[in-house]
Amino acid sequence: MPDTSDHFLLICSTCTGALTNDDLRGALTGKLPGGFAIRTVACMAGCDRPTTVGFQAVGKAQYLFGDIQTTQDMDALAAFALQYSNSADGWTNATDRPRGLMTKTLSRMPCLGSEVPS
């Protein structure tokens, strides 16, 4: 069966945090909304705040979260995945994201093609 995912949760394969990428994958499998796939990727440069997790989808802002360490963090990521999936452009304000991710946001990048010409 072909993969029809259009949203992706990225787990850093090189992070050496409290949870392994297999721990994260196991904890998040079945908690994400339809259309999401979990991908393991090489270093996302969040080394000072392992474990790092990213969100991306075509036409949407991209996010990187760090210090993912607990079951509560998994719940916050699952809640954000639903919020992200339901958003037309992926853009969320820090105050709208799940409380557990409030201090864990490392970056938000606009979607490709959304830059304003100078």
Salt bridge Lys104-Asp67, side-chain N to carboxylate O under 4.0 Å:
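Result for this pair is no, no salt bridge flagged.
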Is it the case that the side chain of [X] and the backbone of [Y] share a donor-acceptor pair, with hydrogens and angles ignored and the cut-off at 3.5 Å?
| X | Y | result |
| --- | --- | --- |
| Lys60 | Phe55 | no |
| Asp89 | Trp91 | yes |
| Ser85 | Ala81 | no |
| Thr52 | Phe65 | no |

Atom [atom1] in [X], atom [atom2] in [Y]: separation rounded to 0.5 Å?
| X | Y | atom1 | atom2 | answer |
| --- | --- | --- | --- | --- |
| Met44 | Gln62 | CE | CD | 11.0 Å |
| Phe8 | Ile38 | CZ | CD1 | 12.0 Å |
| Ile68 | Asn21 | CD1 | CG | 13.5 Å |
| Gln69 | Met74 | CD | CE | 9.5 Å |
| Thr105 | Phe80 | OG1 | CZ | 7.5 Å |
| Gln56 | Leu10 | CD | CG | 4.5 Å |

Over all atoms of both residues, closest heavy-atom pair of [X] and [Y]:
| X | Y | value |
| --- | --- | --- |
| Ala37 | Ser5 | CB-OG, 3.3 Å |
| Asp48 | Pro50 | C-CD, 3.4 Å |
| Ala27 | Lys31 | O-CD, 3.3 Å |
| Ala79 | Pro98 | CB-CG, 3.8 Å |

For side chain to side chain contact (heavy atoms under 4.5 Å, CB included), just list the numbers for Val58 and Asp6, CA-CA rounded to whole Å, side-chain angles, deciding distance to a tenth of an Å, and then say yes or no.
CA-CA 7 Å; Val58 173; Asp6 58 356; over 6 Å; no
Which label fits Tyr84 and Phe36: parallel for a plane angle under 30°, tilted from 30 to 60°, or perpendicular past 60°?
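Geometry flag for Phe36 against Tyr84: tilted rings.
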Any side-chain heavy atom of Thr92 within less than 4.5 Å of one from Tyr63?
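Yes - at least one pair of side-chain heavy atoms lies under 4.5 Å apart.
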Test item: Leu77 and Leu101 side chains (from C-beta on) under 4.5 Å apart, heavy atoms
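With C-beta onward as the side chain, the pair touches.
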Out of the candidates Asp23, Thr16, Asp22, only one should pair with Thr20 under the side chain to side chain donor-acceptor pair (under 3.5 Å) rule; please name it.
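Looking at Asp23, Thr16, Asp22, the match for Thr20 under the side chain to side chain donor-acceptor pair (under 3.5 Å) is Asp23.
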In one Ile/Leu/Val/Met/Phe/Trp/Tyr side-chain cluster, 4.5 Å: Leu19, Leu32:
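Linked within one cluster.
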Shared ILVMFWY cluster between Met109 and Val53, side chains joined below 4.5 angstrom?
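No, no single cluster joins them.
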